[in-house]
*Asks:* 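Below is a structure I'd like to ask you about.
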Amino acid sequence: MKDVYILAIESSCDETSMSIIKNGSEEIATVVLSQMDIHATFGGVVPEVASRHHIENVTMVLEQVLTEAHMTMEEITAIAITYGPGLIGSLLVGVQAAKTLAYIYDKPLVPVHHIAGHIYANNLVEPLQFPLIALVVSGGHTDLIYMKEDYSFERIGGTLDDAVGEAYDKAARVMGLPYPGGPRVDKLATEGEDTYSLPLPLDDDSYNFSFSGLKSAVINLAHNEKQRGHEIRQADLATSFQNRVVEILTKKTLHALKAYHVKNLIVAGGVAANKGLRSALETMCEENHVHLCVPPIKYCTDNAAMIGAAGYFAYKRGRRGDLTLSAKATDPLH
Ligand code: KG4
Ligand code: ZN
């Protein structure tokens, strides 16, 4: 069978990224141009600033990825593009670039859902084994997804309010840590003790999550300590917060694995980089004889390699976009 080379483009948030992926699993080249330092000065991603930088970066990133891959556009089979969900101004830059390239070089255009990308980041590690449960934990999503086969997604539960990454970033801000807070809380959590009493959020039999209560508990605790003239013990608060988050994510994931009689678990999204979560899931999977796949850190946060992996399976399934393809800020995974 002829090899399929996907040129993937990802610009849904503050990374301008392009990648060339062979047959859905082999990374030929990836370029990720992060705007993190620019947005850190604002304490979070500023959408208008992000889209302007995508415009400035997009042609440079394309040239670089082709150079690193030693390939020309003529050798590309199809172009995969993150059409949503994400920041609309950022998405539009990538979608317009993908449509332009598809038109000029007469290549099929393959729309990819951002979360499908996070899930298929695992295919760059090993072929996905079905049926599986995917725990998606990012800055915008916290979902439990059941996959019976390739490119079939059934959302069985998810957050009712804040996404887990969002909760990390807000908790970090309360602790006085700079953006992005998630990795910093994760690091601090290895240095502290679980001494602060925080609630285990939405501890019920559903597959849903709720992190706004936990976030409010951290804000109230910090406020009360300040009023009493007490210093917050940053590392202890980070440990206490992370322990509650990890405990509820692990508990509900195990519940889903058992209810769906599934022996394969994959983790996806930026928070999949979290050391505490990775270690708790490893233990849980070992104890329950579940096969666990977690992407390497570089494939956890936003990148185009994951879009190229998902794009291959979308391409195989005949998913195509045309020049009317539009970016979507919100869109359920289906
Ligand atoms: O998947 P991602 O790169 O972007 C979205 O699609 O949202 O996820 C970014 C999120 C941010 O909230 C960031 O703080 C969080 O992932 N994150 C972490 C860690 N690394 C990134 N959260 C906790 N621990 C980490 N090690
Ligand atoms: Zn993402």
Side-chain angles (χ1 to χ4, degrees), residues 8-17 19 30 32-36 39-40 43-45 47 50 82-88 90-91 94 112-122 134-143 145 158-159 162-175 177-191 209 211 214-215 218 238-239 241-246 248-250 266-281 294-307 309-310 328-331 333:
I9 304 177
E10 156 67 41
S11 69
S12 67
C13 192
D14 60 341
E15 272 93 15
T16 320
S17 181
S19 183
T30 299
V32 182
L33 218 151
S34 175
Q35 306 173 11
M36 199 185 280
H39 296 283
V45 178
T82 306
Y83 68 91
L87 301 174
I88 194 71
S90 293
L91 288 163
V112 173
H113 192 283
H114 182 74
I115 296 303
H118 274 303
I119 289 173
Y120 274 88
N122 287 281
L135 172 65
V136 179
V137 278
S138 75
H141 288 80
T142 308
D143 296 317
I145 290 165
T159 185
D162 292 355
V164 65
E166 201 180 339
Y168 261 98
D169 293 337
K170 286 183 182 160
R173 193 179 293 187
V174 173
M175 290 180 215
L177 301 170
Y179 172 86
R184 294 175 209 267
V185 174
D186 188 15
K187 188 164 177 292
L188 268 179
T190 59
E191 298 160 14
F209 302 96
F211 293 103
L214 181 59
K215 178 191 72 187
V218 171
T239 309
F241 172 80
Q242 176 141 313
N243 281 2
R244 296 297 88 68
V245 169
V246 167
I248 199 66
L249 288 174
T250 309
I266 62 173
V267 194
V271 187
N274 186 274
K275 289 188 203 68
L277 180 62
R278 290 165 92 101
S279 139
L281 290 174
V294 187
I297 308 288
K298 66 170 179 170
Y299 295 140
C300 287
T301 43
D302 292 346
N303 64 85
M306 67 186 199
I307 303 301
K328 285 188 178 168
T330 55
D331 193 42
L333 178 60

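Counting convention: from 1, in listed order, for ligands and their atoms alike. Model, not experiment: these values are computed from the prediction. What you see below is based on every heavy atom in this structure, not just the backbone, and it leaves out hydrogens, waters and symmetry mates.
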*Asks:* Taking the inter-plane angle between the rings of His118 and His114 on a 0 to 90° scale, is it parallel (under 30°), tilted (30 to 60°) or perpendicular (over 60°)?
*Replies:* perpendicular
*Asks:* Taking salt bridge (charged side-chain N to carboxylate O under 4.0 Å, His left out) as the definition, give me every residue that meets it alongside Asp169, ordered by chain and number, with sequence neighbours left out.
*Replies:*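 Not a single residue meets the salt bridge (charged side-chain N to carboxylate O under 4.0 Å, His left out) criterion with Asp169.
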*Asks:* Determine whether the side chains of Asp186 and Gln242 contain a donor N or O and an acceptor N or O closer than 3.5 Å.
*Replies:* yes
*Asks:* Judged by atom type as modelled, is there a donor-acceptor pair below 3.5 Å linking the side chain of Thr250 to the main-chain atoms of Leu281?
*Replies:*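 It does not hold such a pair.
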*Asks:* Between the main-chain N or O of Gly86 and the side-chain N or O of Ser12, is there a donor-acceptor pair closer than 3.5 Å?
*Replies:* no
*Asks:* Taking the Zn ion (ligand 2) as the vertex, measure the angle between atom NE2 in His118 and atom NE2 in His114; round to 10°.
*Replies:*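 NE2 of His118, the Zn ion (ligand 2) and NE2 of His114 span an angle of about 100°.
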*Asks:* Could you tell me which N, O or S atom of Asp302 is nearest to the Zn ion (ligand 2)?
*Replies:* OD1
*Asks:* Output the distance between atom OG1 (Thr30) and atom CD (Glu10), rounded to the nearest 0.5 Å.
*Replies:*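 With rounding to 0.5 Å, OG1 (Thr30) is 12.0 Å from CD (Glu10).
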*Asks:* Kindly tell me which protein residues have any non-hydrogen atom under 4.0 angstrom away from an atom of ligand 1, grouped by chain and ordered by number?
*Replies:* His114, His118, Ser138, Gly139, Gly140, Gly165, Tyr168, Asp169, Gly182, Pro183, Asp186, Gly269, Gly270, Val271, Ala273, Asn274, Thr301, Asp302
*Asks:* Between CZ of Phe211 and NZ of Lys170, what distance do you get to the nearest 0.5 Å?
*Replies:* 13.0 Å
